[in-house]
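As the structure is a prediction and not an experimental result, all values here were calculated from the model.
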Amino acid sequence: MLAPPAHIPNFEEFKSMLRKNGLKATSQRLAVHGAMMELVHASAEMVADRIAATTKVKITQSSVYNILAQLALHGIYKHRLSVNNKMFFDVSNSKHLHMYDMVNHTYRDLPTTEHFELLQESLGKRRFRGYKIEGVDVMILTRPNKKR
């Protein structure tokens, strides 16, 4: 079953999420979110570069990383570590699958819910002694084929 693309919060939704988590909608946070709305999956370096190229907001790469990490800590964004040990952030915190290109180090959302739902249903029936399942996070590792 094909699913709609993962939901990307608009600015009003983002501001509401910030308020719910006791955070202010600063110009830096709004600039980070604006860049993430365009990039969808990105590292702090990518976000800092996009902000520098498209806005007048002055922000360091380390501040961008701190904002992204804080947003992930509050569940506003998701984060994941690439195979080359670079932290990537996902603007959507909705349930969805990811395809990770191990050569180009890029992420894409997969437009399907069928496999995700089957996995979640299957794991929901299992018991792991001493653990409670909090959720399912799937990343499918890929490599470009030579026919590109």
Side-chain angles (χ1 to χ4, degrees), residues 1-102 104-128 130-142:
M1 170 194 325
L2 286 181
H7 178 70
I8 296 174
N10 63 33
F11 279 109
E12 290 309 311
E13 291 169 319
F14 179 68
K15 289 176 187 177
S16 175
M17 295 165 118
L18 291 173
R19 278 191 301 274
K20 287 178 186 173
N21 285 281
L23 301 171
K24 293 182 180 179
T26 64
S27 60
Q28 290 86 6
R29 285 188 183 120
L30 294 175
V32 166
H33 187 65
M36 285 298 294
M37 288 171 65
E38 294 176 32
L39 298 168
V40 183
H41 304 95
S43 67
E45 179 181 5
M46 295 163 69
V47 173
D49 289 348
R50 180 60 57 105
I51 291 169
T54 60
T55 73
K56 294 181 181 186
V57 175
K58 300 293 181 202
I59 188 167
T60 64
Q61 185 176 319
S62 62
S63 292
V64 168
Y65 179 83
N66 290 337
I67 290 170
L68 289 166
Q70 183 182 49
L71 295 173
L73 180 68
H74 285 282
I76 297 171
Y77 288 174
K78 296 284 187 186
H79 68 283
R80 53 188 59 253
L81 193 61
S82 68
V83 296
N84 65 343
N85 288 326
K86 190 174 230 179
M87 185 65 67
F88 278 77
F89 296 86
D90 186 347
V91 72
S92 174
N93 65 9
S94 64
K95 296 177 183 177
H96 60 282
L97 300 173
H98 288 99
M99 185 172 78
Y100 176 69
D101 179 334
M102 298 186 322
N104 298 301
H105 305 292
T106 56
Y107 287 91
R108 287 184 42 208
D109 292 336
L110 289 179
T112 180
T113 59
E114 179 182 349
H115 298 98
F116 186 84
E117 289 168 356
L118 288 171
L119 181 61
Q120 194 166 7
E121 180 182 324
S122 173
L123 288 173
K125 295 176 184 174
R126 295 213 37 211
R127 300 287 178 249
F128 297 94
Y131 293 92
K132 176 185 172 192
I133 296 175
E134 291 288 322
V136 176
D137 185 17
V138 178
M139 178 172 66
I140 299 168
L141 303 176
T142 64

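Put simply, OG1 on T55 and CG on L30 are 11.0 Å apart, with the number rounded to the nearest 0.5 Å. Atom OG1 of T54 is separated from atom CD of E38 by 5.5 Å, given to the nearest 0.5 angstrom. Between atom CE of residue M99 and atom OG1 of residue T142 there is a gap of 4.5 Å, rounded to the nearest 0.5 Å. Within the model, atoms CE of M37 and CZ of F11 stand 5.0 Å from one another, a figure rounded to the nearest 0.5 Å. Note that OG of S82 and CG of D101 are 11.0 Å apart. Values are rounded to the nearest 0.5 Å. In this structure, E45 CD and Q61 CD are separated by 5.0 Å, a value rounded to the nearest 0.5 Å.
Of all non-hydrogen atoms in R80 and M87, the two that sit nearest each other are O-SD, 3.4 Å. Closest approach of H105 and V83 over heavy atoms only: CE1-CG2, 3.8 Å. When all heavy atoms are compared, the tightest approach of L68 to Y77 is CD2-CE1, 3.7 Å. Nearest heavy atoms, A25 versus L18: CA-CD1, 3.7 Å. Scanning both residues, A72 and K78, for their nearest heavy atoms gives CB-C, 4.5 Å. The two residues H7 and S92 come nearest to each other via the heavy atoms O-OG, 2.9 Å.
Using modelled atom types, one side-chain atom of H33 and one backbone atom of P9 make a donor-acceptor pair closer than 3.5 Å. A donor-acceptor contact shorter than 3.5 Å links the side chain of N10 to the backbone of E12. Side-chain atoms of R29 come within 3.5 Å of backbone N or O of K24 as a donor-acceptor pair. Panel note: side chain S43, backbone F88; no donor-acceptor pair is recorded below 3.5 Å. Put simply, the side chain of N85 never gets that close to the backbone of L81: no donor and acceptor are under 3.5 Å apart.
Residues I59 and I67 meet the side-chain proximity criterion, which asks for heavy atoms closer than 4.5 Å. Using a 4.5 Å heavy-atom threshold, the side chains of H41 and T106 count as separate.
Residue H79 qualifies as open at atom NE2: its count of foreign heavy atoms under 6.0 Å is 12 or below. Around the OH atom of Y131, the shell of radius 6.0 Å holds no more than 12 heavy atoms that belong to other residues, nucleotides or ligands.
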Note to self: For a side chain to side chain contact (heavy atoms under 4.5 Å, CB included) check, start with the C-alpha distance between F89 and Y65, then their side-chain angles and the critical distance, and finish with the verdict.
What the structure shows: CA-CA 10 Å; F89 296 86; Y65 179 83; 4.0 Å; yes
Next item on the list: Could you walk me through whether E13 and I8 pass the side chain to side chain contact (heavy atoms under 4.5 Å, CB included) test, one step at a time?
Entry: CA-CA 9 Å; E13 291 169 319; I8 296 174; over 6 Å; no
Margin query: Let's go through L71 and F14 carefully: what are the C-alpha distance in whole Å and the side-chain angles of both, what is the deciding distance for side chain to side chain contact (heavy atoms under 4.5 Å, CB included) to 0.1 Å, and is it a yes or a no?
Written below: CA-CA 10 Å; L71 295 173; F14 179 68; 4.0 Å; yes
Margin query: Assess the residue pair D90 and D109 against the criterion (side chain to side chain contact (heavy atoms under 4.5 Å, CB included)); give the C-alpha distance rounded to whole Å, side-chain angles, the decisive distance to 0.1 Å, and a yes or no.
Written below: CA-CA 10 Å; D90 186 347; D109 292 336; 4.2 Å; yes
